[in-house]
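So that we are looking at the same thing, I have put the structure below in structure tokens.
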Amino acid sequence: MNPMFQILRIHGESMSPEYQEGDFVLIMKTFRGKIKIGNVIVFQHQIYGTLIKGVEKITDKGIYVLGRGENSLDSRRLGPINPASVQGRVIWHICRA
């Protein structure tokens with residue numbers, strides 16, 4: 001049975017200052033509704049692995065995501081994200097002490 005929730009640790013600075021290296025997030029893995037602009041999602045990328053980004057735009061071509069950092073690896077370089085690659089939506093942010 002697949003769990004509905006998962007806790008992940010933040011690595012990197014692309015979502016800083018909101019999400020810092022060492023913070024944790026709780027993601028909901030099943031969606032009762034659609035992903036919405038403004039959500040923060042976790043998704044799997046073929047080359048870069050697991051990424052966390054904010055949803056900027058949603059089109060028929062996919063989900064456009066942005067990091068908070070100027071040099072973030074996001075849709076400015078990756079293009080749209082396939083909705084099937086989304087692992088979950090952040091529902092709780094646990095800041096490191």
Side-chain angles (χ1 to χ4, degrees):
M1 187 163 125
N2 244 350
M4 269 179 79
F5 301 98
Q6 183 176 4
I7 295 176
L8 300 171
R9 186 169 189 246
I10 301 293
H11 298 283
E13 300 292 328
S14 75
M15 290 293 285
S16 181
E18 184 180 357
Y19 295 85
Q20 302 272 335
E21 176 87 30
D23 287 359
F24 291 88
V25 291
L26 178 66
I27 64 170
M28 181 186 303
K29 295 175 78 173
T30 57
F31 303 115
R32 286 190 169 39
K34 294 181 180 179
I35 295 171
K36 298 178 178 129
I37 293 171
N39 286 159
V40 175
I41 60 171
V42 173
F43 61 95
Q44 192 67 31
H45 188 272
Q46 298 174 29
I47 298 169
Y48 299 106
T50 304
L51 299 173
I52 179 172
K53 305 293 175 194
V55 176
E56 181 72 17
K57 180 169 76 169
I58 302 168
T59 68
D60 292 339
K61 294 182 180 183
I63 302 167
Y64 289 82
V65 295
L66 285 178
R68 305 291 191 253
E70 192 174 303
N71 297 317
S72 175
L73 181 63
D74 52 34
S75 288
R76 293 174 283 194
R77 294 189 352 209
L78 301 174
I81 304 305
N82 183 337
S85 70
V86 176
Q87 294 181 324
R89 177 176 55 88
V90 174
I91 60 170
W92 195 21
H93 177 201
I94 306 158
C95 298
R96 63 186 165 111

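Computed from a predicted model, the values in this text were never measured in an experiment.
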Fill in: Heavy-atom closest contact (S75 atom, Y64 atom, distance)
OG-CA, 3.4 Å

Worksheet entry | Reference residue V86; test side-chain contact (heavy atoms from CB on, under 4.5 Å); the match among I41, V55, V65 | I41

Worksheet, complete the sentence: The side-chain contact (heavy atoms from CB on, under 4.5 Å) partners of I91 (sequence neighbours excluded) come to F5, L26, M28, R89

Fill in: Contact summary for Q44 and T50, nearest pair of heavy atoms
OE1-OG1, 2.9 Å

Item to complete: Examine L66 and I63 and state if one hydrophobic cluster contains both, with Ile, Leu, Val, Met, Phe, Trp and Tyr joined whenever side-chain heavy atoms are less than 4.5 Å apart.
Response: no

Worksheet item: What's in the same ILVMFWY side-chain cluster as V40, cut-off under 4.5 Å, chained through other members?
Response: L8, I10, M15, Y19, V25, I27, V42, I52, V90

Item to complete: Please round to the nearest 0.5 Å and tell me the distance separating atom CD1 of I81 and atom NE2 of H45.
Response: 6.0 Å

Practice prompt. Return the minimal non-hydrogen interatomic distance between G67 and S72, and the atom names on each side.
Written response: CA-OG, 3.2 Å

Worksheet item: Where the side chain of E21 meets the backbone of H11, is there a donor-acceptor pair that is under 3.5 Å apart?
Response: no

Discussion item. Main chain of L73, side chain of K53: is a donor-acceptor contact present, judged purely on distance under 3.5 Å?
Written reply: yes

Fill in: Qualifying residues under salt bridge (Lys or Arg N to Asp or Glu O under 4.0 Å), relative to R76, sequence neighbours excluded
D74

Fill in: Test log, rule side chain to side chain contact (heavy atoms under 4.5 Å, CB included), inputs Q87 and F43
CA-CA 5 Å; Q87 294 181 324; F43 61 95; 5.7 Å; no

